[in-house]
2 protein chains.
Amino acid sequence: MLESSGRTEHREPVITRQNVTPKPIDAHEPWMRGLHADTGYLLYRLGLRSGQLFNACLQESGLRLRHYAVLRFLATSDGALQRELSARLGYDPSAIVGLVDDLEKLGFAERRPSPDDRRSRIVVLTGSGRAFLRDTDEAGQRVTGELLGPLDPAERETLHALLLRIAEDGLN
Amino acid sequence: MLESSGRTEHREPVITRQNVTPKPIDAHEPWMRGLHADTGYLLYRLGLRSGQLFNACLQESGLRLRHYAVLRFLATSDGALQRELSARLGYDPSAIVGLVDDLEKLGFAERRPSPDDRRSRIVVLTGSGRAFLRDTDEAGQRVTGELLGPLDPAERETLHALLLRIAEDGLN
DNA sequence: CAACAACTATTGACGTCAACAATTATTGCT
DNA sequence: AGCAATAATTGTTGACGTCAATAGTTGTTG
């Protein structure tokens, strides 16, 4: 970006106006003062923490979060074209290639030719892939438990429900 | 990682293919409960989406989310050592260097020598930095509103409260 | 039916970004 | 004075996203 090298298009900030709304914080929102005033920003930070914890947890298996995402998707819809994985998971098609390569090397998934379309490949979960998922699921729940430490079960449930709503909005 | 929705918004993939989801989800099998069964994993994906939206919003000013985080922290505790920024924001010290460099280039912050310790530098927000924060705050709330679309105000508040609790647990 | 457009998986190049080690300057300790 | 610890910084490495290009395949259309 505009790092020290500054060779890319060098956008000028253009924010010369100070007028703008006085932005009354209102006693209505007391948390508007701190770093985590904005829910979106909060989500971003917590997402990072969660990802780190998950990655640390998966690290001992040689996989990363992205692999886990693929495995999980394969578990829900048994057999998926790489094109689907790309679209639904949001990864670039070129990224899917490497991920499936890795999973195949570990014996967790395999590519099978599609009967209808010879350019497509159907990625399916193997037995050991399913077993791996079963094993890591409990580790994942341990991590989640650690992350959600200060929340009691009922609160966790409502949190999950709320997050699920905003997740499904984006048609994940 | 850039999860799904935020990215190629211009054109929808339109999965005309097959519908591989007979998908008998068995709630008794945790690893089969779908992609977003785990709250931690859900948080991870939503955090990415949120980050994308925020970044897209800040992009026009030439800054990124990390810059915004620094600015916000500087606004709350006027004047901070880079070491503090690193510790409280969770970024690596080496990352702080570049971020403060950028902010300095844009005139939003400046490094001042510390009177007590000559190896430390105190980073302070400038007037235009403060103005910039004021301006972008409203954009941030717009993004957050977009992200939290399906939630009514009361739900948003409870979500924010819950997230805040688990955020403060990690001494952020 | 033959040419052409669209699509799938794949590879490669390029820039970005975050985590880690190493360096320099400075301080505190003993 | 000597030495460990600390603040800022640089450099390096590996992961990641984006884009462009290619080969093989399918569908369409003139």
Would you say [X] reaches [N]'s phosphate, i.e. side-chain N/O to OP1/OP2 under 4.0 Å?
X	N	result
A/Arg118	D/dT26	yes
B/Arg121	C/dT26	no
B/Arg66	C/dA18	yes
B/Arg64	C/dC17	yes
A/Gln52	C/dA19	yes

Does the base of D/dT6 carry an N or O that pairs as donor and acceptor with the side chain of B/Arg119 under 3.5 Å? yes
When only distance counts, do a donor and an acceptor, one from the side chain of B/Ser94 and one from the base of C/dC20, lie under 3.5 Å apart? yes
Does B/Arg88 qualify as a cation-pi partner of B/Phe73, given the criterion of NZ or CZ under 6.0 Å from the six-membered ring centre and within 45 degrees of its axis?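 Because its charged atom misses either the 6.0 Å distance or the 45° angle limit, B/Arg88 does not stack over B/Phe73.
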Interatomic distance where [atom1] belongs to [X] and [atom2] belongs to [N] [whole Å]:
X	N	atom1	atom2	result
A/Asn55	D/dG14	CG	P	17 Å
B/Gln82	D/dT9	CD	C1'	9 Å
A/Phe54	D/dA15	CZ	C1'	20 Å
A/Tyr91	D/dT18	OH	P	12 Å
A/Leu63	D/dA15	CG	C1'	15 Å
A/Asp92	C/dC14	CG	P	17 Å
A/Arg111	C/dT8	CZ	P	16 Å
B/Ile96	C/dC17	CD1	C1'	14 Å

Regarding B/Glu84, tell me which of base, sugar-phosphate or nothing describes its non-hydrogen contacts under 4.0 Å with the strands shown. nothing
Name the nucleic acid region contacted by B/Asp117, choosing base, sugar-phosphate or nothing; use a 4.0 angstrom heavy-atom cut-off, strictly under. sugar-phosphate
Determine the minimum heavy-atom distance between A/Gly51 and B/Tyr44, stating which atoms define it. CA-CD1, 3.6 Å
Using every non-hydrogen atom in the two residues, find where A/Ala109 and A/Leu74 come nearest and quote the distance to one decimal. CB-CD1, 4.2 Å
Regarding B/Arg142 and B/Asp137, does a basic nitrogen lie under 4.0 Å from an acidic carboxylate oxygen?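 Not counted as a salt bridge, because no side-chain N and carboxylate O are separated by less than 4.0 Å.
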Could you go step by step and tell me if B/Tyr68 and B/Arg64 meet the side-chain hydrogen bond (donor to acceptor under 3.5 Å, both in side chains) rule? CA-CA 6 Å; B/Tyr68 183 68; B/Arg64 276 159 291 139; over 6 Å; no
